[in-house]
Visitor: 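Shown below is the structure under consideration.
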Amino acid sequence: MSKKIIITIDGWSSCGKSTLAKQLAKELGYVYIDSGAMYRAITLYFLRNHIDWTDVAEVNSALENIHIDFEFNPKSQQSEIILNGENVEYVIRDLVIAEKVSDVAAIREVRTFAVAQQQKMGTKKGVVMDGRDIGTTVFPDAELKIFMTADIAVRVERRFKEMYEKNPNITIEEVKSNLEMRDYIDSHREVSPLRKADDAVEIDNTHLTMEEQLAFACELVTKRHLV
Ligand code: DC
């Protein structure tokens, strides 16, 4: 039987990390974990409960009341995030959350809380996790690390199409400025900023189809004799 490994996928906002992570997990029979969903769920909790996240004591006591799980939904055929017993998988994709999530994700206490849970989820291996600091901080010893990029125009177009389906009032400019703002905050924060791990393989998928990017990633897995 092949050895189970940990695969990390980091990169800029909306460059197809979750698409590739889901494809790979399916192909290998691994568990997919969306670490960004955890930061989004925490942001949702903070907004709903009017938490002042500039106050460390308030953040710490709020975190004590946050319980996050992932549950497989047979209907959507994917694992979805549960915040304190409520499925919030779809609510957390809203622009209101996207506008605040990078600020919340930059808070040291929030990262310590989320990273501890992410590391626990990887103890049995057989995991594909995507995010911003997975190869650098969460699993620095992961067997395969991928860093994804794509042209900003392509990323904006992809995200716009996705968001427009749910909210036809959204504009290209709103989507573009949100992506640029998040990329800036995510890569300039003090605690584990987004960066390519030294041993990560870069995939620029600007001109790749979903099939091509999956084939490339599968080749990486086999080339390294990982399966
Ligand atoms: O992958 P996403 O767009 O759902 O992530 C939402 C935000 O969460 C992103 O702007 C930065 C933050 N994030 C992070 O700081 N670290 C991670 N491992 C994953 C996401």
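Atoms within each ligand, like the ligands themselves, are counted from 1 in listed order. We use all heavy atoms of the structure for the numbers below, so side chains are in, but hydrogens, waters and symmetry mates are not. Note that this is a predicted model, so its numbers are computed, not measured.
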Visitor: Ignoring hydrogens, what is the shortest heavy-atom contact between A114 and M38? Give both atom names and the distance.
Guide: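 Heavy atoms only, the tightest pair is O-CE, 4.0 Å.
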Visitor: Which of the numbered atoms in ligand 1 are under 4.0 angstrom from any heavy atom belonging to D186?
Guide: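 Here the atoms of ligand 1 in question are 9 (C), 10 (O), 11 (C).
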Visitor: Non-hydrogen atoms of M38 versus ligand 1: any pair closer than 4.0 Å?
Guide: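 Per 4.0 Å heavy-atom rule, M38 does not contact ligand 1.
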Visitor: For atom 20 (C) of ligand 1, which protein heavy atom lies nearest, and how many Å away is it?
Guide: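 The protein heavy atom lying closest is G36 CA, 3.5 Å.
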Visitor: Under 4.0 Å from a heavy atom of I134: give me the atoms of ligand 1 that qualify, with their elements.
Guide: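 Once the distances to I134 are compared, the set is 18 (N).
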Visitor: Please work out, at 4.0 Å between heavy atoms, whether the side chain, the backbone, both, or neither of K100 comes within that distance of ligand 1.
Guide: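 Contact part for K100 vs ligand 1: neither.
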Visitor: Atoms of ligand 1 less than 4.0 Å from R189 heavy atoms?
Guide: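 With R189 as reference, the close atoms of ligand 1 come out as 14 (C), 15 (O), 16 (N).
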Visitor: In terms of atom number and element, which parts of ligand 1 are under 4.0 angstrom from non-hydrogen atoms of Y39?
Guide: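 Result: 8 (O), 13 (N), 14 (C), 16 (N), 17 (C), 18 (N), 19 (C), 20 (C).
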Visitor: Does any non-hydrogen side-chain atom of L24 lie less than 4.5 Å from one of L214?
Guide: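 Of all side-chain heavy-atom pairs linking L24 with L214, at least one is under 4.5 Å.
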Visitor: At less than 4.0 angstrom from any non-hydrogen atom of S102, what atoms of ligand 1 do you find?
Guide: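 Ligand 1 atoms under the 4.0 Å threshold to S102: 10 (O).
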Visitor: Applying salt bridge (Lys or Arg N to Asp or Glu O under 4.0 Å), run through D34 and R93 and close with a yes or a no.
Guide: CA-CA 12 Å; D34 175 357; R93 309 291 161 194; 3.0 Å; yes
Visitor: Do D130 and Y32 have side chains that approach each other closer than 4.5 Å (heavy atoms only, starting at C-beta)?
Guide: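 Contact flag for D130/Y32 side chains = yes.
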Visitor: So for atom OH, which belongs to Y90, do other residues, nucleotides or ligands contribute more than 12 heavy atoms lying within a distance under 6.0 Å?
Guide: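 Check passes, neighbour count above 12.
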Visitor: Can a side-chain donor-acceptor contact be found between Q213 and N205 if the only test is distance below 3.5 angstrom?
Guide: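 There is such a pair between these side chains.
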Visitor: Are any of the N or O atoms of R182 closer than 3.5 Å to those of ligand 1?
Guide: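 Yes; the residue has a nitrogen or oxygen that sits under 3.5 Å from a nitrogen or oxygen of the ligand.
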Visitor: Is the W53 ring parallel, tilted or perpendicular to the F46 ring (thresholds 30°, 60°)?
Guide: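 Plane angle under 30°, so parallel.
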Visitor: Suppose we measure from atom 4 (O) of ligand 1 to each protein heavy atom; which comes out shortest, and what is that distance?
Guide: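 Ranked first by proximity to atom 4 (O) of ligand 1 is R40 NE, 2.7 Å.
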Visitor: Under 4.0 Å from any heavy atom of D133, which atoms of ligand 1 are there?
Guide: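 Heavy-atom distances to D133 below 4.0 Å select 16 (N), 17 (C), 18 (N).
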Visitor: Work out which heavy atom in Q23 is nearest to a heavy atom in E211; give both atom names and the distance.
Guide: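 Distance-wise, the nearest heavy atoms are NE2-N, 4.5 Å.
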Visitor: Give the atoms of ligand 1, by number and element, whose distance to some non-hydrogen atom of A105 is under 4.0 Å.
Guide: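 That gives atoms 12 (C), 15 (O) of ligand 1.
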Visitor: Considering only non-hydrogen protein atoms, determine which one is nearest to atom 16 (N) of ligand 1 and report residue, atom name and distance to 0.1 Å.
Guide: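 For this ligand atom, the closest protein heavy atom is R111 NH2, 3.0 Å.
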Visitor: Please state which option from R132, R93, M181, R159 has its nearest heavy atom closest to atom 9 (C) of ligand 1.
Guide: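 Selected option, by shortest heavy-atom distance: R132.
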Visitor: I need the contact type for Q118 against ligand 1. Using non-hydrogen atoms and a strict under-4.0 Å cut-off, is it side chain, backbone, both or neither?
Guide: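 No part of Q118 is near ligand 1 at this cut-off.
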Visitor: Quick one: pull up CG in D133 and CZ in R189 and give me the separation to the nearest 0.5 Å.
Guide: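 So the CG of D133 and the CZ of R189 are separated by 6.0 Å.
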Visitor: Below 4.0 Å from any atom of ligand 1, is there a heavy atom belonging to M129?
Guide: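 For ligand 1, residue contact (heavy atoms, under 4.0 Å) with M129 is absent.
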Visitor: Looking only at distance, does S35 have an N or O less than 3.5 Å from an N or O of ligand 1?
Guide: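 Among all N and O atoms of S35, at least one is under 3.5 Å from an N or O of ligand 1.
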Visitor: Is the shortest heavy-atom distance from the side chain of R132 to the side chain of K17 under 4.5 Å?
Guide: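 Side-chain contact under 4.5 Å: yes.
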Visitor: Is there side-chain contact between S79 and E71, with heavy atoms separated by less than 4.5 Å?
Guide: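 Of all side-chain heavy-atom pairs linking E71 with S79, none is under 4.5 Å.
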Visitor: Which of the atoms of ligand 1 are close to G131, meaning less than 4.0 Å from one of its heavy atoms?
Guide: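 Atoms satisfying the 4.0 Å criterion: 17 (C), 18 (N), 19 (C).
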